[in-house]
Amino acid sequence: MTSMSVGTATHPAAGKAPTIAGEKKHTRYIVAAVCIFLIALMLFPVFMSLLASIKTPAEAMAAPPTYLPHALSLDNYFKVYDYQVGLPVYLFNSLAVAFLTIVFCLVLAVPAAYGLARFPVPGKEILFVVLLLGLMIPYQALVTPLYLMFSKIGLSNSLVGLALIHTIVQLPFSVFLLRNSFEAIPKALEEAAVTDGCNSWQTLWRVFLPLVKAGIVTVVLFAFIASWNEFLGALIFMSRESNFTIPIMLVNVRTGQHGAIDWGALQAGVVIAVLPCIAIYVLLQKYYMSGFLSGAVK
Amino acid sequence: MQHVEIENVHKSFGSVEVIKGIDLSVAKGQFCALLGPSGCGKSTLLRMIAGLEAVSSGKVFVNGADVTNTHPAKRQIAMVFQSYALYPHMTVRQNISFSLDVAGRPKPEAAQRTEEVARILQLTDFLDRKPAQLSGGQRQRVAIGRALVRSPEVFLFDEPLSNLDAMLRVQMRFELAKLHEELATTMIYVTHDQIEAMTLASKIVVLDAGTISQVGTPLELYNQPANKFVAGFIGSPQMNFLKGRMETVAGREVRLELAGSGSVAILARGGVEDLKPGELEIGIRPEHIRPCNPGDAEANLSGRVELVEHLGNSTVLYVSTGSGRLVVQRSDDLSIRTGDTIGLAVDASRAHVFGADQRAI
């Protein structure tokens, strides 16, 4: 056996972000200022909700409203926690439906997207367009026929049924996104896997899925947020209180005495509802890595 | 039976036929290069041997077994891709041992084999790195390691050095030659770079538009090109081609009158008895033309020097003659300058004559 003696230097680690030649310093300050303004604009309602949720119930309902709380109170959170069957039940329902939606989306979208992207499926372009047409049909138009169908097969008023509804809505986008991710993988990697002895499933599982992690994470994120926030389907399909999800609970909890709106409880509910979305986004953010395929080819 | 045999293989993509009935055999332990310009079908032919491309008709044999319809992993071949095709999410160790892992080989055995291959390729220090953390040369060695670990019957290389810089390419070429010498495994190597083919291979298959133009050793192709295409493709700088009109034939000697210049007598290879007077083409390599004084008796042509390139180890002249521009290469440092009028003496014993069908006569 011989010994190869090629000594080559390792690539230096990526350094600081490149600067654009001729870019003026004050342009960057202006861009930064615009970004900060937009972030402030987006965060303002969330911040106001947070402030309203920690006011006393009376102050939260006061007219005209106050901006900063005069006294801090967690009464609104206690009220939401004990509301009807209790916050844990609603949280569980929402989480269960969101989790099932994610699972259904991945189980259906990954093989579909893999097939459409990497296999010579006859008429796959037409199939793909038909699939995308689903994105153009208003969700509201589907709810009534779906309700009738689901009632007949006993899926109305069930968490699995609601998750299926959310999956139906989310699936075209998931397939679209994952198909693009699969298509972006160089053909040489697939061929290398084939010559290394992988069958189609092994290629998908061992080579492709780790490479489309960013796409999978995006699908998970979108499926979670869409399902977590979905209101209309949950309102129509769920009639038993113990099956309500967070958005339905929020509508109910805002009703105060004599037709007044309980702003404090509502905002506490909003803060609680927002937290999982922020958490999942922050947790999965690290997977949005640019250049994940770097080093694969060339 | 040869180690790798291809029998009358055709390949069409829709109505476009890219491989037009190729027969080829590679002996065990031979280093065979498939050489040709872009689009000649050399990579397609290699991919058909690998099983990554189905043949439209014909048969492929590896080690005596018909593998025409066999899965790539079961052909006992390993392929090194032009783009390396390393799995970016795996470390060097995982990349190299992947095929053993997929084949279900015991972990200790796979680990030992991976270490051994890494040692051969001097990758031991990089085993826990990911491809993105390696240089081009290191990535290429991982790609070779991934092929090596499988101990295949045949190695297939698809332009493996084309992404490396010139210096690294020379180094890797040397290492590949050494590797082949040590392993003595059959290697089929696709390249468009004639220097790579000439330096590495003991057998070169020149492909042109989906057909084999010539098969031979590097020197056979250089000294006795079968046609104008091979003559032009092999050798750098490229062979000069001059149009001429046949004057006389005496034995194997063909005298031609060059357009706008003098005449030259070339020793043909044979089969000139039935040659009819008409247009022929002469091929002369730049290194087989010698500058001399324009009035010398040995001067076949004369012309004005357009450009002089001093390369250190040789001098290249671009000379404008009545028959067109000629490139002349001499190993000595010539004192000729741009604008000089010089005579050119052709080494007739090393010149080639090509007929109207472009085949060497």
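In what follows, chains carry the letters A, B, and so on, assigned in the order in which the sequence lines appear, proteins first and then strands, with residues in each chain numbered from 1. Not measured: the values here are computed from a predicted model.
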Listed by number, the residues in residues 193-209 of chain A that come under 4.5 Å of chain B (heavy atom to heavy atom) are A:A193, A:V194, A:T195, A:D196, A:G197, A:C198, A:Q202, A:R206, A:V207
Option that, when pairs with chain A are counted at under 4.5 Å, heavy atom only, ranks first among B:V80, B:V102, B:V149 | B:V102
pair B:R47-A:E191: side-chain heavy atoms closer than 4.5 Å = yes
Do the side chains of B:P88 and A:L189 get nearer than 4.5 Å, heavy atoms only?
-> yes
Work out which heavy atom in A:A188 is nearest to a heavy atom in B:S83; give both atom names and the distance.
-> CB-OG, 3.4 Å
If you draw a 6.0 Å radius around CZ in A:F119, do more than 12 non-hydrogen atoms from other residues or ligands fall strictly inside?
-> yes
Do other residues, nucleotides or ligands put more than 12 heavy atoms under 6.0 Å from the CG atom of A:L275?
-> yes
Heavy atoms from other residues, nucleotides or ligands near CZ of B:F13 exceed 12 (cutoff 6.0 Å) = yes
Is it the case that more than 12 heavy atoms not belonging to B:Q112 sit under 6.0 Å from its CD atom?
-> no
Per-residue tally against chain A (heavy atom, under 4.5 Å) across B:R146, B:R75, B:K130 peaks at B:R146
